[in-house]
There are 2 protein chains.
Amino acid sequence: MRSSSIANTIFKVLEGQEDHLTAKEIYEKVKVTLSAVDPSTVYRSLERMVHQGQVSVSDMGGPAVVYELVTKNPHHHLVCEQCGKKLTFKNGEIADFLNEVQKESGFQITTNHLVLFGICPACQKKK
Amino acid sequence: MRSSSIANTIFKVLEGQEDHLTAKEIYEKVKVTLSAVDPSTVYRSLERMVHQGQVSVSDMGGPAVVYELVTKNPHHHLVCEQCGKKLTFKNGEIADFLNEVQKESGFQITTNHLVLFGICPACQKKK
DNA sequence: GTATAATATGCAAAGATTTGCATTTACAAT
DNA sequence: ATTGTAAATGCAAATCTTTGCATATTATAC
């Protein structure tokens, strides 16, 4: 009697989402559609999607790690520790660096959502 | 009747530690010395130390984020997603990259423990 | 030293996440 | 279609972490 799998529902939730979501936020949104779903199922399903490379996990400095669909266009962030302001890098700038690391280490780099932390110009002045 | 602060104990625990520890592991080790300590106190104290820049938090791909003392010599890791093997970068290689980012963005970079993920040569062959 | 304020700690309860196990569903081979 | 196997799900319990509030400790100003 199940109309759609949890994974599909998670996929749809992440698809219609600008921002990154925490596991709990995803569970809440899935529950809107599948009201009887168990949290453990959502968490496990999410985990599975990460392991299969469809979803990325990142620590953006918030209270919990956040999830996002892995798209064809990798991107990376620079987050201000103080005010939370986020900058998004075009992939190119970072890709060169990752390629270099790949060449030197022999590892095939899978990081597709790098997050760097810093203090933005505005917050530097405040200090 | 308290002989030493929690923060001091956490500091000592992290000091005598090669590897990175999870919050729970730190709590367990603190409890050895301060048997009556409350977990919430350890977690809060740890949080405080992170906020003050004495301790770094990183997601190393394990079940929970790990903590480490911030030392004078920043270092960075490359972790194999499959077998968990860890490579440690000398700072130089990464520092150049971070300096570049700093120059271009105007952010003062605070990331001092970067973790990249990939697949190590051995695991690539297995596949 | 005393008073005052700020910080750290403990305790209890709530919240979030994980785990073990039984059941159901999907898939493949026959 | 039937069977066998692997994967996904639900449920209950355990575990880990956070939060609110009261108390204790430490630091600061007087």
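Chain identifiers are assigned alphabetically (A, B, ...) following the order of the sequence lines, protein sequences preceding nucleic acid strands; residue numbering begins at 1 within each chain. Model, not experiment: these values are computed from the prediction.
Separating the CG atom of B:N8 from the P atom of D:dT25 is a distance of 16 Å, rounded to the nearest angstrom. If you measure from atom CG of A:L34 to atom P of D:dA8, you get 16 Å, rounded to the nearest angstrom. Separating the CG atom of B:L21 from the P atom of D:dT17 is a distance of 12 Å, rounded to the nearest angstrom.
With sequence neighbours excluded, the residues forming a ring pair (Phe, Tyr, Trp, His ring centres under 6.0 Å) with A:F97 are B:F97, listed by chain and number. Scanning for ring pair (Phe, Tyr, Trp, His ring centres under 6.0 Å) contacts around A:F117 gives an empty result, with sequence neighbours left out. In this structure, the side-chain contact (heavy atoms from CB on, under 4.5 Å) partners of A:P121, at least two apart in sequence or on a different chain, are B:F107. Partners of B:D19 by side-chain contact (heavy atoms from CB on, under 4.5 Å), not counting sequence neighbours, listed by chain and number: B:Q17, B:K86. Contacts of A:F11 classified as side-chain contact (heavy atoms from CB on, under 4.5 Å), with partners at least two apart in sequence or in another chain: A:E15, A:M49, A:L69. Evaluation of the side-chain contact (heavy atoms from CB on, under 4.5 Å) rule for B:V30 yields B:T9, B:I10, B:V13, B:I26, B:L34, B:V37, B:V42 as partners, not counting sequence neighbours. By the ring pair (Phe, Tyr, Trp, His ring centres under 6.0 Å) test, B:H20 pairs with B:H77, B:H113, sequence neighbours left out.
Sorted by first and then second residue, the ring-ring contact (aromatic ring centres under 6.0 Å, His included) pairs with a member in residues 21-67 of chain B form an empty list; sequence neighbours excluded. Within the structure, salt bridge (charged side-chain N to carboxylate O under 4.0 Å, His left out) contacts touching residues 92-118 of chain B (residues at least two apart or in different chains) are B:K90-B:E93.
Using modelled atom types, no side-chain atom of B:Q82 and backbone atom of B:I119 make a donor-acceptor pair closer than 3.5 Å.
Taken residue by residue, residues 45-65 of chain A places no heavy atom nearer than 4.0 Å to DNA chain C.
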Dump every N/O contact between nucleotides 12-16 of chain C and the protein below 3.5 Å, one line per pair.
residue: C:dA16; atom: OP1; partner: A:K24; partner atom: NZ; Å: 2.4

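Each end of the helix from C:dG1-D:dC30 to C:dT30-D:dA1 yields a helix axis from five base pairs, and these two axes differ in direction by 40° (to the nearest 10 degrees).
An OP1 or OP2 oxygen of D:dG10 is reached within less than 4.0 angstrom by a side-chain nitrogen or oxygen of A:T41.
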